[in-house]
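Taking it in order: structure first as structure tokens, then the write-up.
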Amino acid sequence: MPKGDHCCVPECTADRRKDENVLFHVFPKDESLSKKWILAIRRDVGKHFSVNRDTCVCSGHFHPSDYCGGEKKKGARLRQGVTPSKFAWNEAPKVPARQPPSERGAAVEFGPQTYLEYLQTETLEAEERLRKLQDDLRDARTINGISYQRFQDHPEKMAYYTGLPDGATFEALFVFLDVSNNTILSVRQVGRERTRSLGGGRRRDEVFSLREQLFVTLFRLRRGVDEDMLSDLYCVNQSTISRLCVTWTNFLYLRLCTIPVWPSVSAVESNLPDAFKRLFPSTFAIIDCTEVRCEVPVSLPLQSQMYSSYKTHTTLKGLVAITPGGAVSFVSELFTGSISDREIVRQSGFLEMLQTLPRGSSVMADKGFDIEDLLAPMGVRINIPPKRIGTQLREGDVIRTQHIARVRIHVERAINRVKNFAIFDRVMPLSLVGSANQIWTVCCLLVNFQPPILS
């Protein structure tokens, strides 16, 4: 039983000593599920927060359906794989409905009280007209500016600004996300835009529609536009754009990661291109690593870990696997740039995925992947270009190298599609490193929404 007396969720005041009916749950031992809990409660592991055996989340952040038996009671256990989802920031603020203006009579009596009511009515009607004009102005900006509403019927513009081939694909992605203002995209989180003063000192928030919020996020990822420029384009505060993009990127990461991109053996075999059928019929995946340049950290030990001798810069390194048909089937998290290809395969979880394959399957890679001994216990072979013996390759090795190069090029084409998201063109600032894994994974998985690499 955890010894912690307080719930670690921000804005929660639950205390074990004051309310015996509240249940307290420690973080799960499964590392990936624990990360989802941390992301859900909006905490960052660091100097001011860490997860240990006494770190708890109270039952107030779980629904009854999250418990075995469907009810919260003493001794109740959480169902496997659930995450906390009830938070103060998910609840939209309750705005009291404004009373409708009273009907104006045919004649106005200029007595003190009656005249005051007349002025109040006129003021309310004037504010309503001003609100309508502001809505019309916002709609005009949406129609005439860079927006989904303007470009949804222009495939070339949608591909340029979002990386998705057309408006229909964008709409399919939006429907899949199943997003509403009652999810993590609450009014408190991303809905507040630039405010303007109204009569009497009142202020009003202007908001993007949910589709426009998704469009702006994809626009930033695809074109690499910085937040200051986006704030000028959309006439909003820079902090609003930052909050919107971070929230949507996290949401895209959570939803897209639920897509089962790891295919079955039968699916790979039925869609095997002719080039593989002739030369490498047992190929299940093609793997390669790529690096993203990032800002140099202050810490010298961290500089050493992140420095890549290949890029001669501090980088973050990730592993990507595609099927022979060209679909992204595995995306690792990002590691520090000094890690070797062999070590990233060992730590990324890719080997665990290969355990589901029948013996005799094979993986294709570049000659830098010295992992044959890691695959051998699973009965999986590695197809890599032959190593040179002496000063040159033998004739048979030259031909095999050419055959592998012709088909292995497709993983580089897939990685190039990821790198076409211009967010990776610049050196990634340290302020974005906390979201680097989410950005990297989202961009990799969005490649599967584009036309296939192999027709």
State, with a plain yes or no, whether a side-chain heavy atom of Leu244 is found less than 4.5 Å away from one of Trp248.
yes
Answer yes or no: does atom CD of Gln80 have more than 12 heavy-atom neighbours from other residues, nucleotides or ligands under 6.0 Å?
no
Note, Val57 side chain near Cys8 side chain (heavy atom, < 4.5 Å)
yes
Pro28 and Leu33: which non-hydrogen atoms are nearest, and at how many Å?
CG-CG, 3.6 Å
Between the main-chain N or O of Cys294 and the side-chain N or O of Thr314, is there a donor-acceptor pair closer than 3.5 Å?
yes
Nearest-0.5 Å distance that lies between atom OG1 in Thr83 and atom CG in Leu78:
10.0 Å
Should Leu374 and Phe350 count as side-chain neighbours, where that means a heavy-atom distance under 4.5 Å?
no
What are the two closest heavy atoms between Glu212 and Ser147, and how far apart are they?
OE1-CB, 3.4 Å
My understanding is that only one of Phe219, Phe170, Tyr148 makes a ring-ring contact (aromatic ring centres under 6.0 Å, His included) with Tyr161; could you say which?
Phe219
Give a yes-or-no answer on whether the side chains of Glu291 and Thr315 include a donor-acceptor pair shorter than 3.5 Å.
yes
Sub-4.5 Å side-chain heavy-atom contact between Ile241 and Gln238
no
Minimum side-chain heavy-atom gap Thr356-Trp262 below 4.5 Å:
yes
Answer yes or no: does atom CZ of Phe176 have more than 12 heavy-atom neighbours from other residues, nucleotides or ligands under 6.0 Å?
yes
Find the distance between CZ (Arg211) and CD (Gln149) and round it off to the nearest 0.5 Å.
11.0 Å
Do the non-hydrogen side-chain atoms of Ile404 and Phe280 ever get within less than 4.5 Å of each other?
yes
Between Lys317 and Ser308, do the side chains contain an N or O donor and an N or O acceptor separated by less than 3.5 Å?
no
For the CD atom on Glu171, are there more than 12 heavy atoms of other groups (residues, nucleotides or ligands in this structure) within a distance under 6.0 Å?
yes
Could you tell me whether a side-chain N or O of Trp440 sits under 3.5 Å from a main-chain N or O of Ser332, the two making a donor and an acceptor?
yes
Main chain of Ala168, side chain of Asp166: is a donor-acceptor contact present, judged purely on distance under 3.5 Å?
yes
How long is the straight-line distance from CE of Met428 back to CZ of Arg426, given to the nearest 0.5 Å?
12.0 Å
State whether the side chain of Arg42 and the backbone N or O of Pro10 hold a donor-acceptor pair below 3.5 Å, judged by distance alone.
no
Using modelled atom types and a 3.5 Å cut-off, is there a donor and acceptor pairing between side-chain atoms of Asn416 and backbone atoms of Glu412?
no
Do Leu446 and Leu256 make a side-chain contact, defined as non-hydrogen atoms from C-beta onward lying under 4.5 Å apart?
yes
Would you name the heavy atoms of Val296 and Leu430 that are closest together and state the gap between them?
O-CD1, 4.1 Å
Pairing of Arg342 and Asp373 as salt bridge, 4.0 angstrom limit:
yes
Flag, side chain of Arg408 to backbone of Ile286, donor-acceptor distance under 3.5 Å
no
Gap separating the CZ atom of Arg417 from the CD1 atom of Ile322, nearest 0.5 angstrom:
10.0 Å
Minimum heavy-atom distance between Val411 and Val320, given as atom pair plus value
CG2-O, 4.2 Å
Could you tell me whether Glu20 atom CD has more than 12 heavy atoms of other residues or ligands within 6.0 Å of it?
no
Test your reading of the model: is there a side-chain donor-acceptor pair from Asn52 to the backbone of Asp54, 3.5 Å cut-off?
yes
Does CD in Glu352 sit with more than 12 non-hydrogen atoms of other residues, nucleotides or ligands closer than 6.0 Å?
yes
Would you say Asn448's side chain and Val328's backbone share a donor-acceptor pair under 3.5 angstrom?
yes
Hey, could you give me the CE/CD1 distance between Met306 and Ile339, rounded to the nearest 0.5 Å?
12.5 Å
Begin from the C-alpha positions of Ile439 and Ile423 and carry the test side-chain contact (heavy atoms from CB on, under 4.5 Å) through to its verdict.
CA-CA 9 Å; Ile439 294 172; Ile423 192 75; 4.0 Å; yes
Over 60° means perpendicular and under 30° means parallel, so tell me whether Phe87 and Trp89 are parallel, tilted or perpendicular.
parallel
Interatomic spacing from CD in Glu333 to CD in Gln347 - rounded to 0.5 Å
8.5 Å
If you define the side chain from C-beta out and look only at heavy atoms, does anything of Ile384 sit under 4.5 Å from Ile371?
no
If you count heavy atoms of other groups shown closer than 6.0 angstrom to NZ of Lys86, is the number above 12?
yes
Taking the ring centre of each residue, are His25 and Tyr67 less than 6.0 Å apart?
yes
Hey, is the main chain of Asp228 close enough, under 3.5 Å, to the side chain of Ser231 for a donor-acceptor pair?
yes
Which pair of non-hydrogen atoms, one from Asp341 and one from Cys289, has the smallest distance, and what is that distance?
OD1-SG, 3.7 Å
Check: Gln438 side chain, Tyr253 main-chain N or O, donor-acceptor pair, under 3.5 Å
no
Nearest heavy-atom neighbours spanning Val26 and Trp37:
O-CZ3, 3.6 Å
